Amino acid sequence: MQTEMTMELNADFAKRVSVHAAQIDWIASPMPGVDRRMLDRIGDEVARATSIVRYAPGSSFSAHTHTGGEEFLVLEGVFTDEHGDYPVGTYVRNPMGTSHTPSSVPGTTIFVKLWQFDETDQHQFSVDTESAEYADVSPGVSALLLHEDPREKVTMERWAAGAVVTLDAPDGLEALVIKGSFADAGEAFAPQSWLRLPRGGAATVTAGPEGAQVWIKRGHLAVPPTTPR
C-alpha cells in the first residue's frame with residue numbers, strides 16, 4: 001500500500017528562520033499557471049503551509065474547501081473569487097469550512113497561510129490595508145490591527161526610515177516585508193523576505209532608508225504546529 005509522503009520545510013519551530021523569497025525559484029503547483037515559493041510546510045499537498053503563490057494572467061485554481069482555514073494577503077495584481085475582486089493590499093481570512101474558486105485575469109501574487117486556523121474562529125472577512133487608517137503605536141511605528149483573538153494577533157505596520165523596532169516573541173512571531181526594507185543583525189530583509197521567531201525569541205531591527213511596511217503575526221506558536229489530519 002502506498003503511503004502519502006510528508007514534506008517538512010523549516011518545520012523546527014524552536015529555531016529562528018529567515019527566507020528571502022524573492023531570491024528563490026518558483027515551484028510549480030498541481031494547477032497549470034500557479035507557482036509557489038514555500039516558506040514553511042508540514043504535509044504533502046494537504047499541508048500546514050506558509051507560501052508565496054503566483055497566478056499567471058488568466059489562470060485559476062480548482063474549487064476547494066478550506067478544511068483547515070486560509071488567510072492571505074495580496075502582494076501584486078488582483079485576486080478574484082466568487083466573493084469579489086481583491087486588489088493589492090487586501091488581507092483575507094477564510095475560516096474552516098469556507099470554500100471558493102480562485103482566479104486572476106491580470107495575474108496576482110499572494111502571501112498565504114493554510115491549515116493554521118483555530119476551529120472556533122469562524123469570522124470571514126477582508127481588509128483593504130492600503131486605504132485603512134493606521135494608528136501611531138510608538139515612535140516611528142504606526143499599525144493597523146487586522147485580526148486579534150486569544151490565540152493570535154495580526155497587524156500591518158509601517159516603520160519610518162531608520163526606526164529601531166523591538167520584536168518580542170513570547171509565543172512566536174512571523175514578519176513579512178511588503179515594502180521597503182529592514183535589517184536584523186546584519187541580515188537585510190527586502191520585499192518578500194520572511195522572518196519567523198520561535199517562542200521566547202526577540203529581535204531588534206532597523207528600518208531601511210525608505211522605511212518599511214511589514215505584515216506581522218504574533219502569538220500563534222504557543223502550541224507546537226502539527227501535520228493536518
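This is a predicted model, so every value here is computed, not measured.
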In Å, rounded to the nearest 0.5 Å, how long is the span from CG of Asn94 to CD of Glu70? 5.0 Å

How far does OG1 of Thr80 sit from CG of Asp85, to the nearest 0.5 angstrom? 3.5 Å

Please answer: with hydrophobic residues joined when any side-chain heavy atoms are less than 4.5 Å apart, are Val214 and Ile178 in the same cluster? no

So for atom CD, which belongs to Glu210, do other residues, nucleotides or ligands contribute more than 12 heavy atoms lying within a distance under 6.0 Å? yes

Ring-face cation contact, Phe72 with Arg93, 6.0 Å cut, 45° max: no

Assess whether a salt bridge exists between Arg151 and Asp121, defined as any Lys/Arg side-chain N lying under 4.0 Å from an Asp/Glu carboxylate O. no

Would you tell me whether Thr101 and Asp81 have side-chain atoms, one donor and one acceptor, within less than 3.5 Å of each other? no

Would Val34 end up clustered with Leu114 when hydrophobic side chains under 4.5 Å apart are linked, directly or stepwise? yes

Backbone N/O of Gly89 and side chain of Thr129: donor-acceptor pair under 3.5 Å: yes

Got a donor-acceptor contact below 3.5 angstrom from the Thr90 side chain to the Val74 backbone? no

Counting only N and O atoms by type, is there a donor-acceptor contact under 3.5 Å from the side chain of Thr50 to the main-chain atoms of Lys113? no

Please state whether the rings of Phe182 and Phe189 are parallel, tilted or perpendicular, taking 30° and 60° as the class boundaries. parallel

Just by modelled atom types, is the Thr98 backbone N or O under 3.5 Å from a matching donor or acceptor in the His66 side chain? yes

Heavy atoms only: give me the nearest Ser126-Val92 pair and the separation to one decimal. CB-CG2, 3.9 Å

side-chain hydrogen bond (donor to acceptor under 3.5 Å, both in side chains) pairs, two or more places apart, involving residues 53-62: Asp35-Arg54

Within the structure provided, determine whether Lys15 and Pro198 are in side-chain contact (heavy-atom separation under 4.5 Å). no

Does a side-chain N-to-carboxylate-O contact under 4.0 Å join Arg16 and Asp184? yes

Side chain to side chain contact (heavy atoms under 4.5 Å, CB included) partner of Arg218, the single match among Asp168, Asp171, Leu167, Val154: Leu167

Between Arg158 and Glu130, is the salt bridge (charged side-chain N to carboxylate O under 4.0 Å, His left out) condition met? List the steps. CA-CA 11 Å; Arg158 291 172 175 167; Glu130 295 288 290; 5.1 Å; no

Heavy-atom distance under 4.5 Å between the side chains of Lys153 and His220, does that happen here? no

Hey, what's the ring geometry for Tyr91 with Trp215, parallel, tilted or perpendicular (30° and 60° as the breaks)? tilted

Do Val17 and Leu195 come within less than 4.5 Å of each other through their side chains, counting heavy atoms only? no

Any Thr204 side-chain heavy atom under 4.5 Å of Thr166 side chain: yes

If you measure from the Lys or Arg side-chain nitrogens to the Asp or Glu carboxylate oxygens, is any gap between Lys217 and Glu148 under 4.0 Å? no

To check you understand the geometry: which heavy-atom pair defines the closest contact between Ala169 and Leu173, and what is its length? CB-CB, 3.7 Å

Between Gln116 (side chain) and Ala49 (backbone), is there a donor-acceptor pair under 3.5 Å? yes

Non-neighbouring partners of Thr120 that pass side chain to side chain contact (heavy atoms under 4.5 Å, CB included), sequence neighbours left out: Asp118

Same cluster (ILVMFWY, side-chain, under 4.5 Å), Ile52 and Val177: no

Would you give the length of the straight line joining atom NE2 of His20 to atom OG of Ser193, rounded to the nearest 0.5 angstrom? 5.0 Å

CE of Met38 to CD1 of Ile24: how many Å apart, nearest 0.5 Å? 9.5 Å

Ignoring hydrogens and angles, tell me if any N or O in the side chain of Arg196 forms a donor-acceptor pair with the backbone of Asn10 under 3.5 Å. yes

So, taking the atom named NZ in Lys179 and the one named CG in Leu75, what distance separates them when rounded to the nearest 0.5 Å? 11.0 Å

Counting C-beta onward and ignoring hydrogens, is there a side-chain heavy-atom pair between Tyr86 and Asp128 closer than 4.5 Å? no

Under a single-linkage definition using a 4.5 Å side-chain heavy-atom cutoff for Ile, Leu, Val, Met, Phe, Trp and Tyr, are Val127 and Phe79 assigned to the same hydrophobic cluster? no

Leu146 and Thr155: CA distance, side-chain angles, deciding distance, side chain to side chain contact (heavy atoms under 4.5 Å, CB included) verdict: CA-CA 5 Å; Leu146 300 176; Thr155 59; 5.6 Å; no

Answer with yes or no whether the side chains of Glu187 and Ser18 bring together a donor and an acceptor at under 3.5 Å. yes

Nearest heavy-atom contact between Pro95 and Gln124 is CD-CB, 3.5 Å

So CG of Leu176 and CH2 of Trp194: to nearest 0.5 Å the spacing works out to 9.5 Å

Any residue meeting side-chain hydrogen bond (donor to acceptor under 3.5 Å, both in side chains) with Arg41, in chain and number order, not counting sequence neighbours: none

Under the criterion salt bridge (charged side-chain N to carboxylate O under 4.0 Å, His left out), I'd like the reasoning laid out for Arg37 against Asp25: C-alpha separation, chi angles, the key distance, then a yes or no. CA-CA 7 Å; Arg37 286 170 166 162; Asp25 293 335; over 6 Å; no

Give a yes or no on whether Met31 and Val112 share a hydrophobic cluster (residues Ile, Leu, Val, Met, Phe, Trp, Tyr; joining criterion: side-chain heavy atoms under 4.5 Å apart). yes

Check whether any side-chain N or O of Glu157 sits under 3.5 Å from a backbone N or O of Leu144 as a donor-acceptor pair, and report yes or no. no

Smallest separation among heavy atoms of Leu221 and Phe13, with atom names: CD2-CD2, 4.0 Å

Can you give me the closest heavy-atom contact between Ala160 and Ala207, atom names plus distance? O-CB, 3.3 Å

Testing the basics here: between Ala143 and Val137, what is the closest heavy-atom pair and its distance to 0.1 Å? CB-CG1, 4.0 Å

Could you walk me through whether His147 and His123 pass ring pair (Phe, Tyr, Trp, His ring centres under 6.0 Å), step by step? CA-CA 10 Å; His147 173 76; His123 186 199; 7.3 Å; no

